Amino acid sequence: MVPLVPQADLEAAAHAPKHPHLHRGYHGTGLVHSIESCGTVDGPGLRYVLFLQGCLMRCLYCHNRDTWDLQSDKAREMTVPEVMKQVMSYRHYLKATGGGVTATGGEPLLQYEFVRDWFVACHQNGIHTCLDTNGYALHYDEVLETLLDHTDLVMLDLKQIDPDIHRVLVGIPNTRTLAFAQHLARRKQKTRVRYVVVPGYTDDDRSAHLLGRFIAPMDNVDTVEILPYHELGAHKWALCGDDYKLKGVHPPPKETVQRVRSILEGYGKAVIV
Ligand code: SF4
């Protein structure tokens, strides 16, 4: 059984007055699941990647199942100066490759105050910042605006535009994500859309056209990155005591990826795989 988002988490999210950490509150630290000091797949160039703990989505294909819990004994509290000390030790490599830092997870917007403070510190040191997000923004306020002001690139996961399929694939509605995408468009935020091609869920023509139509008018979206589904994170589900629902679903064939690519290119966007 795939666990749905606990009702208590959703209610806490809906009623969180100020702090989106839901159970934590912000005291100047981020809850960090793990760190990759020289990542190559989470934005341009070489990147220092911070995986933040906590996610309210429940994607059937999630390859970071162990980042879901909002609290975890295995995650580590870190301050911005602690993180920056590490970032600065890599800054020459990062800059030389046109890279920088990436906040991902889990879902980094659930700890948006921490990410804001981190990105401000990065910009003070001339370091490129990238927010890799599922768009689950809880609050449209000063914190979010400051964070976005200090974000050079947003990588936004648009998992499925059809609301019914989205619910099945992700466990919750896509309304918050679509609202966030529109907010980014309004503020002309440089954005790369990421789309995972999952056989049986997002690999059909209709889904690709829905996505294409949604992003076509968004001048801030210059690129769509297609990510073919893979099974690499399946073992983490077992480690967390859950069944992996997509057992038997295999990566899409090249022809499928090419077909989705052609459809999206038809909407005037550059598409990378
Ligand atoms: S949004 Fe990302 S971390 Fe959250 S469940 Fe989906 S794939 Fe996993």
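Start at 1 and go down the list; that is how both ligands and their atoms are numbered. Any value given below was found using the heavy atoms of this structure, including those in side chains, with hydrogens, waters and symmetry copies removed. What you see is a predicted model, and the numbers here were worked out from it, not measured in a lab.
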- Would the Tyr229 and His250 ring centres measure less than 6.0 Å apart? no
- Query: Identify the closest protein heavy atom to atom 5 (S) of ligand 1: which residue and atom is it, and at what distance?
  - Reply: Trp68 NE1, 3.1 Å
- Item | Co-members of Val120 in a cluster of I, L, V, M, F, W and Y side chains, linked at under 4.5 Å | none
- Message: Salt bridge or not between Asp162 and Arg206? Use side-chain N to carboxylate O under 4.0 Å.
- Response: yes
- Message: Is any side-chain heavy atom of Tyr26 closer than 4.5 Å to one of Asp117?
- Response: yes
- The single option from Val273, Thr256, Val197 passing side-chain contact (heavy atoms from CB on, under 4.5 Å) against Arg261: Val273
- Item | The single option from Thr202, Val196, Leu211, Val224 passing side-chain contact (heavy atoms from CB on, under 4.5 Å) against Leu158 | Leu211
- Would you indicate whether Arg194, at its atom CZ, is surrounded by more than 12 heavy atoms from other residues, nucleotides or ligands within a distance under 6.0 Å? yes
- Query: How many protein N, O or S atoms are found at a distance of less than 2.8 Å from atom 6 (Fe) of ligand 1?
  - Reply: 1
- Minimum-distance protein heavy atom relative to atom 3 (S) of ligand 1: Gly106 N, 3.7 Å
